[in-house]
Protein chains: 2
Amino acid sequence: MKPATIRDVARHAQVSVASVSRALNGSDTVTEETRKRILESAEALQYVPHSGARSLSTSKTNTLGIILPDLYGEFFSELIRGMDLAAREHGYHLIVSSSHDDADGAAAAIRSMRGRVDGLFVLSPQIDSANLATAMAGRLPVVLMHGGAGESTLPSIVVDNNGGAHAAVDHLLATGCRSIAHIAGPAGNLEAEARLAGYLEAMAEAGLEPHVVEGDFNQGSGHASAQALMAAPRRFDGVFCGNDMMAIGALLAFQEAGVRCPEDVAVVGFDDVPIAALVRPGLTTLRIRIAETGRRALQRLVGQIEAAQAGREATQSSSACEVVRPELVIRTSTRASVSTTRAADGRPSGVTASAQGENQDG
Amino acid sequence: MKPATIRDVARHAQVSVASVSRALNGSDTVTEETRKRILESAEALQYVPHSGARSLSTSKTNTLGIILPDLYGEFFSELIRGMDLAAREHGYHLIVSSSHDDADGAAAAIRSMRGRVDGLFVLSPQIDSANLATAMAGRLPVVLMHGGAGESTLPSIVVDNNGGAHAAVDHLLATGCRSIAHIAGPAGNLEAEARLAGYLEAMAEAGLEPHVVEGDFNQGSGHASAQALMAAPRRFDGVFCGNDMMAIGALLAFQEAGVRCPEDVAVVGFDDVPIAALVRPGLTTLRIRIAETGRRALQRLVGQIEAAQAGREATQSSSACEVVRPELVIRTSTRASVSTTRAADGRPSGVTASAQGENQDG
DNA sequence: CTGTTAGCGCGTTCAA
DNA sequence: TTGAACGCGCTAACAG
């Protein structure tokens, strides 16, 4: 009744377990005849290697863990999708652990990964470097993917939120907006704070008064924040939202209130999740090639793991902080530009004018 | 340098490994004093139990596997989200294995799960019962979640696709449509085929000529199919799409072509993914409470596992095929109804009139 | 109450 | 080329 083990196969094939192991793992030197007999026995017994046991003896799980924060949405789906695609190319499985609203929870999740994974992606913005270091007793390879740009010495991939926010404000300015509000992400979230900081800086540089309402990165809060904005005495003709989901919520709120977009108010999001191109008006946003970033993160983690297995340290570049520069994608939620936009780094940006027809992924 | 093991802790605390195990697992009888000493040693050595090793000796991984098909999207994201939430309540981790476009790939993925998980969700519509049975050597608890309604004796959760399709056609009919086309999902996909069959039946019952174009469940194919529909000589005033993503693609295609929805053509989708409520016009669709279905599936799988650990068979109900009945959600992509709609099972349906204001999830 | 020992299923030396 | 024995890290009997 119970699944066959390697010893069952050995007995059936009249050989030792060592030979079975060798034959099945292809590598070593085995007589063609005995190998054939072993394979037949394995087939007959429907033998399937026990990954757990194998992991224990090889100290290699071929599994990677992902520590996610509480909030969910298209951003993380896309990221995981990109990672997953790359993972199977490299022969790895993915184990996800989400819903970590607090730092302790995330730390516990990280600890529970020991002996279960070969490496870890940490996406929880709540957990700070100190807690992380404590939780990481064991030198598990890791790739950090939460906001704090290079504040840790661990390998990481971060988005240039500040630059992206600047580009958003610049674009709104260039298209004629004079009074730009910001619907921010939740306080305490590093990504949200960096985007807010970028907004404040850009506004200060332009000599404009900032106007901030706090949301929580979910679509509902974007809706509510937009209503709050409309209820306030202060006028505005442009809104930069901390992410796309809030921007979509805002778009709907404006629509319900009879406020036209982009004529009356222009809206810019952040992330370029797939939905952004599907709403009307199409959402102008800062594109992060999400799935590709996920793929890239996976490559780096695998690189670390392989390096650790072989030599000592990973190649120099792999221990650095890689930064992803968002790209402004102009759709119809903002008006036509009247002057040249500048990229986050000051050089001419690769601005993408996105046509209506882009909505074909098939 | 290497992580501390239980023996390091035992040595440090001057006790045996057994005592350490007992102290850490809380259960047994240990003197308060020695327990305290052990905990201190564990703390000092930053000891973290090795889940892999523990799994091997307890033959319990506390991990559940999910075998996903190739296509990704909001539907699966939502489902996984629901599962994940429930999983951590039950103390389980989730390991995902996606991108299985063919039956062999899915079977291989299932095999590779041995020794890695305590149970499995199979969502790949490509794998048939025969292959599945072969791959499942080992009596691993499983919950099937692909279209084939009850064709297997394994526990499963299936959507009443046929009934949902009937409801969609009935609704279009009730709102005055006379010529209803169908954008179908990919051939070979059980869900897609069941929805197509339901459409064909309902059309036949109404004495109408069917009109089918095949898509692939992605948004792009919905866009292309709608264009194909418009290019064809045959007129139509309603479209039932195999899923929401294709419906959204179709919506955009109509918009681009200047065809008004719902005035010129009414559109109905299937699934009620989160985006469905966010596009304009709001998409009328058949709601599957996706996250909740995921939660339910998890409960059933855990129920099976616990039953297998304890007694013999799971409770009778857990080995059955549970069916999820989609609920018609009327938004603005279809016109106002002029007569009463009937539910899939013939009784008055719990039709939900969804207001504009529903777009607040916060 | 605690320590010793035997597996869990597999990879991998080391002899033969 | 093959086999016997050990170890991966931990839990669970069985003694003491």
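Letters go in sequence order (proteins before strands), and every chain restarts at 1.
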*Decide, yes or no, whether a salt bridge links B:E32 with B:K36 under the criterion of side-chain N to carboxylate O below 4.0 Å.*
no

_Gap between atoms CZ and C1', on A:R37 and D:dT2 respectively (whole Å)_ = 11 Å

*For B:K60, side chain to side chain contact (heavy atoms under 4.5 Å, CB included) partners two or more places apart*: B:T58, B:N62, B:Y92, B:D118, B:I305, B:Q309

*Starting at atom CG of A:N62, determine the distance to atom P of C:dG11, rounded to an integer number of angstrom.*
12 Å

*Nearest-Å distance, CD (B:E32) to P (C:dC1)?*
11 Å

_Sequence-distant partners of B:E33, salt bridge (charged side-chain N to carboxylate O under 4.0 Å, His left out), two or more places apart_ = B:R37

*If a protein heavy atom is under 4.0 Å from the base, mark B; if only from the sugar-phosphate, S; if neither, -; do that for nucleotides 11-16 of chain D going 5' to 3'.*
SBB---

*How long is the line joining CG of B:L56 and C1' of C:dG7, in whole Å?*
9 Å

*Specify the angle, to 10°, made by the local axes at the two ends of the helix from C:dC1-D:dG16 to C:dA16-D:dT1 when five pairs are taken at each end.*
50°

*Of all residues at least two apart in sequence or in a different chain, which pass the salt bridge (charged side-chain N to carboxylate O under 4.0 Å, His left out) check with B:R81?*
B:E78

_List the residues meeting salt bridge (charged side-chain N to carboxylate O under 4.0 Å, His left out) with B:R88, not counting sequence neighbours, and say none if there are none._
none

*Within the structure shown, what part of the strands sits under 4.0 Å from B:T31 by heavy-atom distance: base, sugar-phosphate, or nothing?*
sugar-phosphate

*In chain order, what residues pass the side chain to side chain contact (heavy atoms under 4.5 Å, CB included) check against B:T5, with sequence neighbours excluded?*
B:R7, B:D8

*Partners passing side-chain hydrogen bond (donor to acceptor under 3.5 Å, both in side chains) against B:S97 (at least two apart in sequence or in another chain)*: B:H100

*asked:* I'd like to check the side chain to side chain contact (heavy atoms under 4.5 Å, CB included) partners of A:S16; sequence neighbours left out, ordered by chain and number.
replied: A:A18, A:S19

*asked:* Show the nearest heavy-atom pair for residues B:V142 and B:L144, with the distance to one decimal.
replied: CG2-CD1, 3.8 Å

*Give, ordered by number, those residues of residues 7-16 of chain A having at least one heavy-atom distance below 4.0 Å to an atom of DNA chain C; if nothing qualifies, reply none.*
none

*Go through the structure and list residues passing salt bridge (charged side-chain N to carboxylate O under 4.0 Å, His left out) with B:E292, not counting sequence neighbours.*
none

*Contact class for A:T34 (heavy atom, under 4.0 Å): base, sugar-phosphate, or nothing?*
sugar-phosphate

_B:K36 NZ - C:dT2 P separation (whole Å)_ = 15 Å

_Partners passing side chain to side chain contact (heavy atoms under 4.5 Å, CB included) against B:L56 (at least two apart in sequence or in another chain)_ = A:H50, A:A53, A:L56

